[in-house]
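Atom set for the values below is all heavy atoms of this structure, side chains included, hydrogens, waters and symmetry mates excluded. Everything numeric in this text was worked out from a predicted model, so none of it was measured.
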Amino acid sequence: QVQLVESGGGLVQPGGSLRLSCAASGRFFGIVGMGWYRQAPGAQRELVAVITAGGGTNYADSVKGRFTISRDNAKNTVYLQMNSLKPEDTAVYYCNVAVIPQSTYWGQGTQVTVSS
């Protein structure tokens, strides 16, 4: 019913920037929340950033001041601007979207690698 398409991952040098995008399509009345999660090898999936229906945002302590989550309601798209990237940011990044009628969907994941 709902499909999420992620893009923007890749290889970047430390200190560089990337912008991830996640576009939702399908049949739904609205989006109540969107977020980004990441999972490094051998680690559990962790929350990176979320944006709520009211526009509030929250970030993991490890990315505060470096990452910015935003949305374009007209395009049903959420973005994650990642600046000052560190090797520790290397992971597969997943988009998560909660829609009305109540349901949650995951993107396919996009690899972000920060290395020299």
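Residues Y37 and M34 fall into different hydrophobic clusters, defined by Ile, Leu, Val, Met, Phe, Trp and Tyr side chains chained together at heavy-atom separations under 4.5 Å. There is a path of hydrophobic side-chain contacts, each under 4.5 Å, that joins I69 to M82. One hydrophobic cluster, built from ILVMFWY side chains closer than 4.5 Å, cannot hold both L80 and W106; they sit in different ones. Cluster membership for Y59 and I51, using ILVMFWY side-chain heavy atoms within less than 4.5 angstrom, is shared. Tracing side-chain contacts under 4.5 Å through hydrophobic residues (I, L, V, M, F, W, Y), one reaches V63 starting from V12; they form part of the same cluster.
Of all non-hydrogen atoms in G107 and L4, the two that sit nearest each other are N-CD1, 3.6 Å. Shown here for S70 and V78, the closest heavy-atom pair between the two residues is O-CG2, 3.2 Å. Across all their heavy atoms, Q111 and T113 have their closest contact at NE2-OG1, 3.3 Å. Between E6 and G109 the shortest heavy-atom distance is OE2-N, 3.2 Å. Closest heavy-atom contact between A98 and Q102: CB-NE2, 4.5 Å. Across all their heavy atoms, A40 and A91 have their closest contact at N-CB, 3.9 Å.
Residues P87 and S115 are not in side-chain contact: their nearest non-hydrogen atoms beyond the backbone lie 4.5 Å or more apart. Within the 4.5 Å cutoff, the side chain of N96 has heavy atoms near those of the T104 side chain. R38 is not listed as a side-chain neighbour of R45, based on a closest heavy-atom distance of 4.5 Å or more.
Taking CG of N73 as the reference point, atom CD1 of I31 lies at 7.5 Å (rounded to 0.5 Å). Atom CD of Q3 sits about 4.5 Å away from atom OG of S25, to the nearest 0.5 Å. One finds the CD atom of Q81 at 9.5 Å from the OG atom of S21 (value rounded to the nearest 0.5 Å).
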Walk me through it: do L18 and L85 pass the test side-chain contact (heavy atoms from CB on, under 4.5 Å)? CA-CA 8 Å; L18 287 173; L85 282 162; 4.1 Å; yes
Show your working on side-chain contact (heavy atoms from CB on, under 4.5 Å) between F28 and V97 and close with a plain yes or no. CA-CA 11 Å; F28 51 87; V97 179; over 6 Å; no
What's the verdict on side-chain contact (heavy atoms from CB on, under 4.5 Å) for L20 and W36, showing C-alpha distance, side-chain angles and the deciding distance? CA-CA 9 Å; L20 306 183; W36 289 95; 3.6 Å; yes
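Under the 4.0 Å criterion applied to side-chain N and carboxylate O atoms, D61 and K64 are assigned as salt-bridge partners.
Checking D72 against T77 by side-chain atom types alone, no donor-acceptor pair falls below 3.5 Å.
Proximity of a side-chain donor or acceptor of T110 to a complementary backbone N or O of G9 within less than 3.5 Å is detected. For R66 (side chain) and S84 (main-chain N/O), a donor-acceptor pair under 3.5 Å exists by modelled atom type. The main-chain N or O of G33 is never found under 3.5 Å from a side-chain atom of R71 such that the two would form a donor-acceptor pair.
Contacts classified as ring pair (Phe, Tyr, Trp, His ring centres under 6.0 Å) and involving residues 73-105 (residues at least two apart or in different chains) are not found.
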